[in-house]
Enquirer: 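My questions all concern the structure below.
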Amino acid sequence: MLRTHTCGQLRLSDTGKSVTLSGWVQRSRDLGGMTFVDLRDRYGLTQLAFNMETNPELCLQARKLGREFVIAATGKVIERSSKNLKIPTGEIEIMVEKLEVLNASKVPPFTIEEETDGGEELRMRYRYLDLRRNPLRRNLELRHRMAIETRNYMDAQGFLEIETPFLIKSTPEGARDFVVPSRVHHGKFYALPQSPQTFKQILMVAGYDRYYQIVRCFRDEDLRADRQPEFTQIDCEMAFVTQEDILNTFEGLGRHLFKAIKGIDPGSFPRMSYADAMKYYGSDKPDIRFEMKFVELKDLLKNKGFSVFDFAELVVGICAEGCAEYSRKQLDDLTEFVKKPQIGAKGLVYIQYKPNGSLKSSVDKFYSPEDLQKVTEAFKAKPGDLILILAGDTYKTRKALNKLRLEMGSRLGLRNPEEFRPLWVLDFPLLEWDEETKRFYAMHHPFTSPKPEDIPLLDTDPRMVRANAYDLVINGVEIGGGSVRIHNKELQKKMFQILGFTDEDAQAQFGFLMNAFEYGAPPHGGIAFGFDRWVALFAGVDSIRDVIAFPKNNAGQDMMIDSPAEISGEQLKELGVRTVGL
Ligand code: ASP
């Protein structure tokens, strides 16, 4: 071995030992009589000391070491005279007796420190250098621990980890598929799985009643900030269970991870219906670290001559505690905020409930103090609070107020990243109507079961059908989602009809699943968690890129290997693929 210890290992109790450390030169300081080099590996940092008086040759050699040189140093562990108590090895240093340069390094294009001066693109291009930095190392270690703890829990619950294929076939539902041309069957294509959904259901038919997999999924979606074309799920399925069993099993996984990784017990996860989530938070993934619930106000505020409210489908507000003294400028800022195109409100009405009990609003012309008082009562507001109201079409207004609520939550410091509030959101609608294509889409996916009591509505009012579908939300982030599945061929066929498939299409695309359902499919259901997001949440980072070793950039490119890239005419020919312009 080129080392006896790692750079994070030695302590005061090791003083006197003869050791060899290997690693990268983080920095060196030349103090005349002494030269110090900080040596780094993934375990930590140890100071190497070189003495000009006792060993001038070695000291001169040390002075020539550049940043990121790879070296091996042998010497004695000694107590440091000026200790650095910020790092675990900070009480000792190595008085070096032998130095070997294992490899030189070019000057790195950015600093490899806790905080770097490198821009995003540069760091992606030199990912191997960025990965040497502590923040990324910590994130990858956390990711590893979470994967191990997931496996521990799932194994203890009797789940089998089973791999499903990556080369499958394209189906029209869901996102766009990545496709892979077949060399042997010209004109035919494999597709990379968006998830192992159909395979895990077939495993249930096959009798593997508890399946899971930490698995890569691929979706060729339009790129948005923090989307990765390939990402990792903890994908799970169970047979002979009800929705309640599934929720309990995976609440168990959640609690296990909280306990093992964060050392906290979040208690049992509260539950909220999709309808309530939309009504009280304007979002299907409410951040419940803070209250600030929506209150609908149309009944209180209509017919007073303020036409904006009179004609609005929904008048709805939130109460920001202790913000009554916001200045004109602050209120104008909030109005600007809600009018941004991404938020989309036309304006903002406010009521300041002054600490002395008086009321001042932006609509004083239309409403008497008594009218406004009633509004404060609807919120159970206290003097000192600020009420913010939006009006318009129900869906858009709720969405806009959700953003304003989150903004106020952030401004008031109510979204502490170290506080975790999980939530189950239940009873999602089964279907979503798309105005553009004039057809229904499955809100979750086409295999999701309607609530049995809502099945008759499939014929009369499909929009009202609720699904046995659920999401796990933590701090306003959707961490996972799943459903009880349809396991009856006829119901599955009907679902495909509602989604606009002809029987032939359904047979061609999903015949294998429907056929399997004819051979004794047990009742089943499952869930998949976005592993990258969960790790990012626990790591306290905003971007999943920071918890993936080799992520793609926002344009879907890997800057390090320069992918996607062209392939040779020869390869194209072999694959039977013609491209425009070739
Ligand atoms: N396959 C689903 C998804 O990727 C999750 C599930 O229903 O289990 O969203």
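First listed ligand is number 1; within each ligand, the first listed atom is number 1. In what follows, every heavy atom counts, from backbone to side chain, and hydrogens, waters and symmetry copies are set aside. Position 1 is the first residue of the sequence; numbering continues from there.
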Enquirer: I need the contact residues for ligand 1: any residue with a non-hydrogen atom closer than 4.0 Å to the ligand, ordered by chain then number.
Expert: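 Residues within 4.0 Å of ligand 1: Ser195, Gln197, Lys200, Arg219, Gln233, His444, His445, Gly481, Gly482, Arg485, Gly526, Ile527, Ala528.
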Enquirer: I'd like to check the side chain to side chain contact (heavy atoms under 4.5 Å, CB included) partners of Pro522; sequence neighbours left out, ordered by chain and number.
Expert: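 In terms of side chain to side chain contact (heavy atoms under 4.5 Å, CB included), with neighbours along the sequence ignored, Pro522 is linked to Met204, Ala239, Phe240.
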Enquirer: Is it true that Glu407 and Arg415 make a salt bridge, defined as a side-chain N closer than 4.0 Å to a carboxylate O?
Expert: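 A salt bridge is absent here (no side-chain N lies under 4.0 Å from a carboxylate O).
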Enquirer: Between Phe428 and Tyr470 (judged by ring centroids, cut-off 6.0 Å), do the two rings come close enough to count as a pair?
Expert: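 Here the rings of Tyr470 and Phe428 have centres that are no less than 6.0 Å from each other.
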Enquirer: Under a 3.5 Å cutoff, is there a donor and acceptor pairing between the side chains of Asp245 and Thr242?
Expert: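 Yes, Thr242 and Asp245 have a side-chain donor paired with an acceptor closer than 3.5 Å.
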Enquirer: Residues in side chain to side chain contact (heavy atoms under 4.5 Å, CB included) with Phe231, at least two apart?
Expert: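 By the side chain to side chain contact (heavy atoms under 4.5 Å, CB included) rule, Phe231 matches Cys217, Arg219, Gln233, Asp532.
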Enquirer: Quick one: list whatever passes side chain to side chain contact (heavy atoms under 4.5 Å, CB included) with Val577, sequence neighbours left out.
Expert: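 Only Pro181, Leu572, Leu575, Thr579 meet the side chain to side chain contact (heavy atoms under 4.5 Å, CB included) criterion with Val577.
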